[in-house]
Number of protein chains: 2
Amino acid sequence: MQKEHNLSKNQKIIFDLIDKSRGPMKAYSILFNVQKKGIKAPLQVYRALDKLVEIGKIHKIESRNAFIACQNSSCQVSKATAFSICESCENVSEISNSKLSRYLSNFSDSSGMKYSKYNLEFFGLCKKCKSK
Amino acid sequence: MQKEHNLSKNQKIIFDLIDKSRGPMKAYSILFNVQKKGIKAPLQVYRALDKLVEIGKIHKIESRNAFIACQNSSCQVSKATAFSICESCENVSEISNSKLSRYLSNFSDSSGMKYSKYNLEFFGLCKKCKSK
DNA sequence: TTATAAATGTTATATTATTACATACTGTTA
DNA sequence: TAACAGTATGTAATAATATAACATTTATAA
């Protein structure tokens, strides 16, 4: 059963914006877009983003400093993420491939480290950009 | 056969510093450390870093905005990287596991994307921090 | 040698993210 | 309900990360 997270006012405003957006959004672009709703300062945005990442409603695309809504409705905690990123048009999408996630979640090596989380980013050219 | 890259002056200074360092280094910490060698501006550092990443002598740890020397002597192009990161002590090491890299390099899905590169970051607790 | 690419130097500025401090809201439990 | 703890908000200032623009120099190769 999924824990219901009642988003606060700012969290809801910011999540809705990201969720409606086509692609990943950057923090200051989010800020610009929510200023008419009364969110004026970067910190207000970053705080909401931090929380939304923590509860798995959004993910951060680390290589792009951008945020995207989680596409996987059952994913409430952000501990296993994989994305494909087109280096030409910068289109990003979340990969949900159970074989891949199983493989990575079970990965362990001789380092003695206990892995609890991973983030994977694939880069390349999307279908459209490939054919140009 | 590995293409020999003759590093330029700044590239060499910066690579040597990162290579000697125990862990990942951040750009402005690098800058601070090479100022006595005549490298005065951020851009000089970033340009060298960009080139070093491009030729695979160093890798960027995206989630930490930090740079680490490549541990894999045969790796001349930075297109397949995997790291383990301790969330407590922030120790980072490069994972070289041929099974993992083979698995990821061969990964493809139904999106039609042609993947040419990936970056994977595992998070958790290292041996030392686990036992604390 | 000439021309082309790669690297450097320098100043300014853009972008991303956090510190510090004060206040208010929400839910729990004595 | 009062008291408390935890979470969220507001605001100003500033820190940390990264790039733009332009002038010059050095290395490489035709």
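Lettering follows sequence order; numbering is per chain, from 1.
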What is the separation between atom CG on A/Asp50 and atom P on D/dT9, rounded to the nearest whole Å? 12 Å

Indicate whether OP1 or OP2 belonging to D/dT17 is found under 4.0 Å from a side-chain N or O atom of A/Asn65. no

Whether the side chain of B/Tyr28 and the base of D/dA15 hold a donor-acceptor pair under 3.5 Å is what I'd like checked. no

Can you tell whether the side chains of A/Lys12 and A/Asp16 come within less than 4.0 Å, N to carboxylate O? yes

Rounded to whole Å, please give me the gap between CG in B/Leu43 and C1' in D/dT24. 14 Å

When the distance from CD of B/Gln11 to P of C/dG9 is rounded to whole Å, what number comes out? 12 Å

Would one find a side-chain N or O of A/Ser8 under 4.0 angstrom from OP1 or OP2 of D/dT9? yes

According to a strict under-4.0 Å criterion, is A/Lys60 in side-chain N/O contact with OP1 or OP2 of C/dA17? yes

Between A/Phe83 and A/Thr81, what is the shortest heavy-atom contact and its length? CE1-CB, 3.6 Å

Upstream residue (5' side of DNA chain C) when A/Arg64 and B/Gly38 are each assigned their closest nucleotide: B/Gly38

Does B/Glu62 pair with A/Arg64 as a salt bridge, N-O distance under 4.0 Å? no

Short side-chain N/O contact to D/dT9 OP1/OP2 from A/Gln44, under 4.0 Å: no

Is there a donor-acceptor contact under 3.5 Å linking the side chains of B/Glu121 and B/Asn119? yes

Check whether any side-chain N or O of B/Asn6 sits under 4.0 Å from OP1 or OP2 of D/dA27, and answer yes or no. no

Atom CG of A/Asn10 and atom P of C/dT26: how far apart are they, to the nearest Å? 12 Å

Distance-only polar pair, side chains of B/Asp109 and B/Ser111, donor-acceptor under 3.5 Å: yes

Does D/dT19 have OP1 or OP2 under 4.0 Å away from a side-chain N or O of B/Tyr46? no

Can you identify which nucleotide, out of D/dA12, D/dT9, C/dG9, has its nearest atom closest to the A/Lys9 side chain? D/dT9

Measure from CD on B/Glu62 to C1' on C/dA17 and round the result to the nearest Å. 16 Å

Just how far, in rounded Å, is C1' of D/dA8 from NZ of A/Lys51? 9 Å

Which whole-number value in Å describes the distance from B/Phe32 CZ to D/dA15 C1'? 16 Å

Looking at D/dT11, C/dG9, C/dT11, which one has an atom nearest to any side-chain atom of B/Arg47? C/dG9

Between C1' on D/dT9 and CD1 on A/Ile14, what's the gap in Å once rounded to a whole number? 12 Å

